[in-house]
Amino acid sequence: MVEEAATVLSHDQLERVEAWGRASGSVAHVYRPSTLDDLRGVFQVARVNGRTIAFRGGGNSYGDAFGNREQIVLDLSRMTRILDWRPQDGIITVEPGVTVSQLWQYVLEDGWWPPVVTGTAKTTIGGCASMNTHGKNAWKLGTFGEHVRSFDLLTASGEILTCSREENSDLFFAVIGGAGLLGCFTSLTLQMKRVYSGLLRVEVATRPNLVGAMHYLEERMETADYLVGWLDAFARGRSLGRAEMHQAHYLADGEDRYTAQSSRPVNQALGDSVFGVLPKSSLWFYMQFFMNNAGTRLVNTAKYTMSRLTAGEQGKSYLQPHAAYHFLLDYVPYWKYAYGRGGLIQYQCFLPKETAEDGFRDLFQLGQRKKLPNYLSVLKRHRPDPFLLSYSIDGFSMAMDFRITDRNRARMVSLTREMDEIVLRHNGRFYFAKDSSLRPSVAEVYLGRERLDRFFELKRRVDPELMIETDLWRRVLRPLY
Amino acid sequence: MTERETVPDRPLEPRPRAIVIGASSGIGAALVSELTKRGYLVAALARRADMLQELCDTASLSAAPGVYARPYPHDVTDFDAIPELFDQIVADLGGLDMVIYNAGVMPAVGLDEFDFGKDKFQIEVNLLGAMAWLNLAAMRFQASKQGNIVAISSVSGDRGRRVNPAYHTSKGALSIYMESLRNRLTQHGVAVTTIKPGYVETSMLEQVPNPRGAISAAVAADKIITAAEKGRQVAYIPWRWEIIMLIIRHIPSFIFRRLSI
């Protein structure tokens with residue numbers, strides 16, 4: 001109970017809280033409550049000790065979104081109960097620490113799939129709602145928040161507010177995508193999507209350059225269910241942005257004769273070896289030898305050439321389980337360690353469809369010119385969404401992974417500043433879950449003063465004493481508050 | 001808090017946090033300047049408040065934006081005050097990555113003088129103060145699985161010479177204490193570095209009759225922090241003292257006690 005909870009901060013709770021990309025981190029008192037009472041107990045600890053709280057789900061944000069230097073980090077990864085499931089209409093109520101992995105394994109055998117999933121299944125539902133994540137169908141089904149029906153939010157004062165599009169709707173649209181700054185989810189109710197098979201029809205094709213890759217997505221917006229492109233940021237000139245493209249379709253009712261079989265989690269598994277012999281858990285070790293400009297250039301070229309020879313521009317299609325298709329970031333376990341001690345950051349920006357081609361070309365060329373090309377680039381299509389701190393846009397996003405080392409840090413700082421200017425010049429936006437470099441002045445431009453003021457007004461209402469803070473809040477939003 | 005001290009942390013521009021105990025002059029003052037130059041946020045501790053304030057002001061002014069040194073007047077023999085001050089400093093700095101214990105005294109002791117008062121004072125400042133401070137650092141770093149613990153010991157700790165027995169004892173004991181810390185903390189990802197300076201141009205050197213090849217405090221500070229950042233176990237500063245002390249350590253006692261070194 002609350003009264004019995006320990007109210008002293010001890011050394012014993014200290015833990016290094018590292019950004020997912022490992023390029024930064026800070027030390028905090030970390031608590032992992034498993035019940036609502038314990039959760040309230042952590043709020044009490046914070047209040048008594050005059051500390052602030054940050055919430056953490058799966059800890060998959062690339063930067064400092066869940067960090068809280070020398071304060072309290074409330075880790076929700078033990079709040080993993082499925083509270084209610086209605087297989088007849090696909091509505092599920094879960095605690096915030098339930099992971100995407102847990103969720104799909106729970107619903108798939110009843111013929112449902114989460115409508116929006118992240119590229120890794122290790123994210124939590126609370127985290128996905130806080131950051132308002134997206135998947136490879138963002139242009140079609142929008143962001144994660146669009147499929148949240150309602151949630152309960154524990155605010156700094158200890159009150160639990162039920163929020164939906166009807167009830168406390170101003171909070172509903174601000175908490176989703178609000179980076180965990182307005183309160184803590186205690187439960188969320190989501191709508192799942194009906195599927196008629198555990199398999200997807202996937203098509204792989206190549207495109208020789210950026211324009212081709214963007215057209216590939218545009219042309220398939222009406223017909224495809226998932227679209228994504230993997231670009232080679234090393235290619236120059238006419239090949240700039242050459243890409244391996246993926247589209248996927250759900251199977252129609254009756255198309256899969258063995259739905260029960262294909263929907264079993266065991267048949268969705270990603271597999272644990274390559275070529276049947278090399279254990280995947282050791283792959284990151286070998287990958288690190290290619291994590292330099294020359295090595296990645298080689299790998300990217302080899303990968304593109306292989307796809308061009310096997311699939312080509314006309315494409316090649318096959319059936320693939322949902323899990324294997326979606327959770328590509330889980331395909332090679334521990335792959336982030338291949339980036340070495342300094343880790344990686346991701347720079348993801350969203351550009352309107354009218355300016356995207358220009359903007360992405362400028363970004364790629366800038367990285368090449370500064371000899372800081374990004375090692376992984378993912379192109380996706382988006383649509384606007386109704387949330388307050390939205391990053392969504394009728395256009396494209398490019399997610400770019402950069403290796404960070406002690407030697408390139410200073411140059412990466414100036415590179416990200418120049419990239420920010422390019423993005424702003426093209427009316428682009430940014431995404432907190434991926435961010436490590438945003439400055440207040442840039443956030444103010446892309447979010448706009450009016451949206452920020454509405455967010456801050458809600459913050460003052462539900463957390464007047466600023467008990468909920470994160471490293472990202474102090475870096476990007478607090479200076480504008 | 002000044003404006004400089006409220007600059008938020010940015011993931012790509014890390015600002016490690018350091019405490020320097022014994023910072024008002026000599027190597028300690030040079031360490032504060034060098035650390036701020038390298039982008040550390042520094043808590044500088046010493047007894048002499050006015051000197052400390054001036055040092056911190058100068059170091060902060062020449063540092064990058066958002067980087068500063070803050071003075072904390074403190075007497076290391078005030079053992080009871082240390083735990084609270086430690087927590088206060090960690091909260092003020094917003095973290096802790098390195099602790100350097102540099103406080104040390106060496107009063108003049110005649111070759112035929114046996115003064116317990118002087119001996120006790122040296123043990124308290126050079127050894128017990130280090131234990132009081134570094135135990136706290138060890139506890140924190142053990143939990144947070146990171147950090148650098150550094151103590152400025154001395155080449156004097158390698159052998160008990162005839163001058164000032166208590167000084168040699170305090171530095172010898174400090175080196176052993178550091179070795180024990182290292183053996184405890186390596187498994188937790190904590191680096192423990194013992195620094196053994198030879199001749200460095202500080203007020204302490206005034207007692208040495210013929211300090212050949214002394215280096216400046218600034219040069220020593222640069223070498224000390226480099227050694228600490230590399231996670232070196234024991235570093236002689238400058239390195240030639242490693243050879244000198246290797247020889248001196250191996251002089252058999254029947255010869256050593258007849259030498260005037």
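Small disclaimer: the values here were computed from a predicted structure and weren't measured. Naming convention: chains lettered A, B, ... in sequence-line order (proteins, then strands); numbering from 1 in each chain.
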Heavy-atom count check: over 12 atoms from other residues, nucleotides or ligands less than 6.0 Å from B/Lys196 NZ? yes
Atom NZ in B/Lys145, atom CD in A/Glu18: separation rounded to 0.5 Å? 14.0 Å
When you compare the side chain of A/Ile404 with that of B/Leu12, does any pair of heavy atoms fall below 4.5 Å? yes
Honestly, the part of A/Arg69 sitting under 4.5 Å from a heavy atom of chain B is side chain
Where is the tightest heavy-atom contact between A/Arg409 and B/Pro11, given as atom of each residue plus distance? NH1-O, 3.2 Å
Distance (rounded to the nearest 0.5 Å) between A/His11 NE2 and B/Phe141 CZ: 9.5 Å
Considering only NZ, NE, NH1 and NH2 on the basic side and carboxylate oxygens on the acidic side, decide whether A/Glu70 and B/Arg140 come within less than 4.0 Å. yes
Between A/Arg478 and chain B, with a heavy-atom cut-off of 4.5 Å, which part of the residue counts as in contact: side chain, backbone, both or neither? neither
CD (B/Gln142) and CG (A/Leu14) are apart, to the nearest 0.5 Å, by 11.0 Å
Counting heavy-atom pairs under 4.5 Å with chain B, the top scorer among A/Val413, A/Val476, A/Thr416 is A/Val413
I'd like to know whether CD of A/Gln288 has more than 12 heavy-atom contacts from other residues, nucleotides or ligands below 6.0 angstrom. yes
Rounded to the nearest 0.5 Å, what separates atom CZ in B/Arg10 from atom CG in A/Leu472? 10.0 Å
Sort A/Leu438 into side chain, backbone, both or neither according to what part of it lies under 4.5 angstrom from a heavy atom of chain B. backbone
Against chain B, label A/Ser436 side chain, backbone, both or neither, depending on which of its atoms sit under 4.5 Å from a heavy atom there. both
